[in-house]
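Accompanying notes for the structure given below.
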Amino acid sequence: MNLDATHILLVKGPDQASCRARVLNFFAKNFLVKYDSVKVVDDRSFAADSNLFWEIVEAGIKDNQQVLAKLVRELQESGFEKLTDLPRIPQGYESKTLHIITHLLDGFFGVDSCFYNLEEDSHWLSEQLGATIRAQPRDFRVLTVKCSSEAGTSTDLLAKIRKFESGF
């Protein structure tokens, strides 16, 4: 089984090449989310002065909101509806679901991230940055990134992450 993901990243830079370099560096240095293949899709990447820029940003944010709403519903269906329910969430699927929800809210990038704002480390877009982008559209881009990993590699990565257990 392969893991395939598409992410939209908002990035600041003077041109496509520098933005591409920043995005590829972000993926290369991310110590928790590792893919075997990370490719920027040029024909789905746009400067903020393009008509498609805001359409892609808004669609990506909407996708994040849908993922968040789905995860919240899953927790509710498991019987966790209020903050006072949190202490009784068992370790396992429900706590992992809460963990993903938290990452979407706190701006921690993950495989579930549809849109990611590299400038604010966020899954959203602040009004202030939106205004800056409108005032300086040539300085910002959205890059579509296709990522994938082979199933066997996930196990290898887990082994590397867990090296602390064997003292290496």
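Just so you know, residue 1 is the first one in the sequence shown, and it goes up from there. What's counted below: heavy atoms across the whole structure, side chains too, no hydrogens, waters or symmetry copies.
Taking E74 as the reference, K70, L71, Y93, T97 meet the side chain to side chain contact (heavy atoms under 4.5 Å, CB included) condition, with sequence neighbours excluded. With sequence neighbours left out, K39 forms a side chain to side chain contact (heavy atoms under 4.5 Å, CB included) with S37. P87 meets the side chain to side chain contact (heavy atoms under 4.5 Å, CB included) test with no other residue; sequence neighbours excluded.
With hydrogens and angles disregarded, no donor-acceptor distance shorter than 3.5 Å links the side chain of S149 to the backbone of L3. K34 contributes a side-chain N or O that, together with a main-chain N or O of A28, makes up a donor-acceptor pair within less than 3.5 Å. A side-chain donor-acceptor contact under 3.5 Å links T132 to the backbone of Q128.
A 4.5 Å side-chain heavy-atom check between I133 and W54 finds at least one atom pair inside the cut-off. Under the 4.5 Å side-chain criterion, counting only non-hydrogen atoms from C-beta, N117 is not in contact with D121.
Atom CD in Q65 sits 10.5 Å away from atom SG in C114 (nearest 0.5 Å). In this structure, CG on D112 lies 10.5 Å from CD1 on I101, to the nearest 0.5 angstrom. From L68, atom CG reaches atom CD of Q66 across 11.0 Å, with rounding to the nearest 0.5 Å. Atoms CG and CG, on N30 and N25 in that order, are 10.5 Å from each other to the nearest 0.5 Å. Distance NZ/K82 to OG1/T84: 4.5 Å, rounded to 0.5 Å. Taken from CD in E120 to OG in S126, the straight-line distance is 3.5 Å, to the nearest 0.5 Å.
Tracing side-chain contacts under 4.5 Å through hydrophobic residues (I, L, V, M, F, W, Y), one reaches V40 starting from F27; they form part of the same cluster. Cluster membership check: I89 shares its hydrophobic cluster with L104, using side-chain heavy-atom separations under 4.5 Å among Ile, Leu, Val, Met, Phe, Trp and Tyr. Residues L105 and F80 share a hydrophobic cluster, clusters being chains of Ile/Leu/Val/Met/Phe/Trp/Tyr side chains in contact below 4.5 Å. A continuous path of Ile, Leu, Val, Met, Phe, Trp and Tyr side chains, each step under 4.5 Å between heavy atoms, connects V67 with V72, placing both in one hydrophobic cluster. Transitive grouping of hydrophobic side chains (ILVMFWY, heavy atoms separated by less than 4.5 Å) brings L125 and V142 into a common cluster.
Contact detail for V145 and V38: the closest heavy-atom pair is CG1-CG1, 3.5 Å.
The local environment of CZ in R88 is crowded, with over 12 non-hydrogen atoms from other residues, nucleotides or ligands closer than 6.0 Å.
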What pairs of donor and acceptor atoms, side-chain ones from residues 6-23 against any protein atom, are under 3.5 angstrom apart with sequence neighbours left out?
unit_1	atom_1	unit_2	atom_2	d
T6	OG1	K146	NZ	3.3
H7	ND1	S113	O	2.5
H7	NE2	Y35	OH	2.7
D15	OD1	A17	N	3.3
D15	OD1	S18	N	2.7
D15	OD1	S18	OG	2.9
Q16	NE2	D42	OD1	3.0
S18	OG	D15	N	3.4
S18	OG	D15	O	3.1
R20	NH2	D42	OD1	2.4
R20	NH2	D42	OD2	2.7
R22	NH1	K12	O	2.9
R22	NH1	E119	OE2	2.6
R22	NH2	E119	OE2	3.3

Donor-acceptor pairs under 3.5 Å, side chain of residues 43-50 to any protein atom, not counting sequence neighbours: which ones?
unit_1	atom_1	unit_2	atom_2	d
S45	OG	V41	O	2.7
S45	OG	T144	N	3.1
S50	OG	L52	N	3.1

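The list of ring pair (Phe, Tyr, Trp, His ring centres under 6.0 Å) pairs with a residue in residues 113-132, not counting sequence neighbours, reads F26-Y116, F109-Y116, Y116-H123.
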